[in-house]
Amino acid sequence: MSSPFDIFGLGADPDKPDESPARKAQLASSRPLPKRFYDIVEIAQDDGFVLHLDGRPVRTPARAIVKVSKKAIADVLAAEWRAQEKVIDPKKMPLTRLLNSAIDGVSNTEELVREEIVRFSGTDLVCYRADDPERLVERQNSLWDPVINWAQETYSCRFVLAGGIMHVEQPDATKLAMEQAVNQYADPVRLAALHSMTTLLGSTLLALAVGAGFRTMQEAWDAAHLDEDWNIELWGTDVDAEARRAYRFEEMKAAAIVLTAT
């Protein structure tokens with residue numbers, strides 16, 4: 001039987017010891033939301049910052065203790081748990097989900113995660129430009145060129161730009177530079193945040209720019225959604241699309257908290 005102090009009540013099942021965290025999360029989504037069972041949310045310092053509920057450490061689905069290296073991250077994590085009222089709703093806990101993924105998943109597959117982030121840079125959003133209309137081209141140049149220029153200067157490489165959606169191969173030196181840049185993210189939690197942000201933005205360069213402090217979270221988000229916002233201006237949006245975007249934005253904010261914590 002799992003402990004209530006395992007995140008979302010997904011402790012190890014003694015009858016299924018090899019069940020993956022992803023499978024546990026899938027099962028959790030089909031279950032009724034667990035009731036809030038705790039009164040006091042605290043952060044204890046123990047070679048890092050550990051989330052405690054009623055004096056006991058919280059564990060991930062794989063039963064690892066939830067520990068972070070920065071107090072700024074821990075404070076937001078604690079706020080997420082305090083904000084839960086009658087039930088614990090994981091959909092409203094993006095930082096908890098990210099940390100759970102980092103501790104149980106990314107920490108065991110770091111090389112694969114790095115490779116995926118580097119692959120994103122080979123088809124990076126900011127390298128693919130519209131041919132027209134002129135106002136859209138100007139908007140892309142205004143928001144994306146500074147990021148390209150920063151990356152080329154910072155990582156001593158060159159990015160090839162493409163018109164439309166025709167794939168262009170980036171130089172081998174650029175691929176190597178991206179590998180070296182991503183390898184700087186040695187901590188699994190920061191690596192998970194970089195991966196999350198890369199997939200949310202469709203851009204390794206924008207995610208690296210946030211991690212380096214060259215772009216704020218909001219600036220990177222706006223740059224990544226430039227084309228989408230252009231279409232919204234022309235055709236409008238719908239309620240479902242707005243809800244999906246709002247959900248992704250909360251995930252973006254959680255990743256940014258990790259990447260920019262001091």
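Everything quoted here is computed from the prediction, not taken from an experiment.
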* Asked: Of all heavy-atom pairs between M178 and L205, which one has the smallest distance, and what is that distance?
  -> SD-CD2, 3.7 Å

* Rounded to the nearest 0.5 Å, how far does OG1 of T60 lie from CG of D104? -> 3.0 Å

* Asked: Has K175 got more than 12 heavy atoms of other residues, nucleotides or ligands less than 6.0 Å from its NZ?
  -> yes

* Could you check if a side-chain atom of V66 sits within less than 4.5 angstrom of a side-chain atom of L77, using non-hydrogen atoms only? => yes

* Determine which pairs satisfy side-chain hydrogen bond (donor to acceptor under 3.5 Å, both in side chains) with at least one residue from residues 201-224, sequence neighbours left out, and list them in order. => D124-S203, T216-E219, Q218-D222

* Hey, what else clusters with V50 if you join Ile, Leu, Val, Met, Phe, Trp, Tyr whenever side-chain heavy atoms sit under 4.5 Å? -> I65

* **E138 backbone acceptor or donor facing S142 side chain under 3.5 Å** => no

* To do: Show the numbers, then the answer: is there a side-chain contact (heavy atoms from CB on, under 4.5 Å) between E251 and L98?
  => CA-CA 8 Å; E251 293 185 323; L98 176 61; over 6 Å; no

* To do: Please examine the side chains of I148 and C127, heavy atoms only from C-beta on, and report whether any two atoms are closer than 4.5 Å.
  => yes

* Asked: How many angstroms lie between CD1 in I73 and NZ in K71, if you round to the nearest 0.5 Å?
  -> 12.0 Å

* So K70 and D75, salt bridge (charged side-chain N to carboxylate O under 4.0 Å, His left out) or not? Walk me through it. -> CA-CA 9 Å; K70 303 289 185 180; D75 287 342; over 6 Å; no

* Decide whether V106 and V68 are clustered together by the hydrophobic rule: side chain heavy atoms of Ile, Leu, Val, Met, Phe, Trp, Tyr closer than 4.5 Å, transitively. => no

* Where is the tightest heavy-atom contact between Y185 and L208, given as atom of each residue plus distance? -> CE1-CD2, 3.8 Å

* Are side-chain heavy atoms of K86 and K35 found at a separation under 4.5 Å? -> no

* To do: Could you grab the distance from atom CG of L191 to atom CD of E111, nearest 0.5 Å is fine?
  => 9.5 Å

* Verify the cluster assignment for V76 and L194: are they in a single hydrophobic cluster under the rule of side-chain heavy atoms below 4.5 Å apart? => no

* To do: Provide the closest heavy-atom pair for L53 versus F37 in the form atom of the first, atom of the second, distance.
  => CD1-CZ, 3.9 Å

* To do: Kindly compute the distance separating CG (N141) from CZ (R129), expressed to the nearest 0.5 Å.
  => 5.5 Å

* Asked: Taking a hydrophobic cluster as the set of Ile, Leu, Val, Met, Phe, Trp and Tyr residues connected by side-chain heavy atoms closer than 4.5 Å, whether directly or through intermediates, do I257 and V210 fall within one such cluster?
  -> no

* **A78 versus V41, closest heavy-atom pair with distance** => O-CG1, 3.7 Å

* **E80 side chain to T96 side chain, donor-acceptor N/O pair below 3.5 angstrom** => yes

* **Residues D240 and R244 bridged, charged N to O under 4.0 Å** => no

* Crowded around E233 CD? As in, over 12 foreign heavy atoms under 6.0 Å? -> yes

* Asked: Taking atom CD1 of I232 and atom CG of L234, what is their separation to the nearest 0.5 Å?
  -> 10.5 Å

* Structure fact -> Taking every heavy atom of A220 against every heavy atom of L201, the minimum-distance pair comes out as O-CD2, 3.8 Å

* Side-chain heavy atoms of L176 within contact of E179, under 4.5 Å -> yes

* Say whether, by atom type as modelled, one donor and one acceptor occur between the side chain of W230 and the main chain of L136 under 3.5 angstrom. => no

* Asked: Are V182 and L125 linked, directly or through other ILVMFWY residues, by side chains that come within less than 4.5 angstrom of each other?
  -> yes

* To do: For M217 and A256, work out which heavy atoms get closest and say how close.
  => CG-CB, 3.5 Å

* **Note: D227-R139 ion pair, threshold 4.0 Å (strictly below)** => no

* **Spacing of T198 atom OG1 and H195 atom NE2 [to the nearest 0.5 Å]** => 7.5 Å

* To do: Give the cluster check for L259 versus V118: same hydrophobic cluster or not, with ILVMFWY residues linked at side-chain heavy-atom distances below 4.5 Å.
  => yes

* Is there a side-chain contact between R36 and V87, using heavy atoms and a 4.5 Å cut-off? -> no

* Intermediate values then yes/no, salt bridge (charged side-chain N to carboxylate O under 4.0 Å, His left out), D229 and R245 -> CA-CA 11 Å; D229 289 340; R245 180 161 168 167; 2.7 Å; yes

* **Test salt bridge (charged side-chain N to carboxylate O under 4.0 Å, His left out) applied to K91 and D89, step by step** => CA-CA 5 Å; K91 295 192 298 295; D89 187 352; 3.4 Å; yes

* Can we say E250 and K253 salt-bridge, meaning some charged N sits less than 4.0 Å from an Asp/Glu carboxylate O? -> yes

* To do: Evaluate side-chain contact (heavy atoms from CB on, under 4.5 Å) for Q152 paired with N149, printing each intermediate quantity in order.
  => CA-CA 5 Å; Q152 292 182 149; N149 295 337; 4.1 Å; yes

* Asked: Quick one: does Y128's side chain get under 4.5 Å of M166's, heavy atoms only?
  -> no

* Asked: Is there side-chain contact between Q184 and R190, with at least one heavy-atom pair below 4.5 Å?
  -> no

* Asked: Would you call R114 and E110 a salt bridge, using N to O less than 4.0 angstrom?
  -> yes

Using residues 153-163 as the side-chain source, report each donor-acceptor pair under 3.5 Å to any protein atom, sequence neighbours left out, with the distance given to one decimal.
from, atom 1, to, atom 2, distance (Å)
T154, OG1, W150, O, 2.7
T154, OG1, W150, NE1, 3.1

* Asked: So does E42 pair up with R82, basic N to acidic O under 4.0 Å?
  -> no

* Asked: Considering only heavy atoms from C-beta outward, does the side chain of L33 approach that of P90 to under 4.5 Å?
  -> yes

* Asked: Side chain of K67, backbone of L51: donor and acceptor closer than 3.5 Å?
  -> no

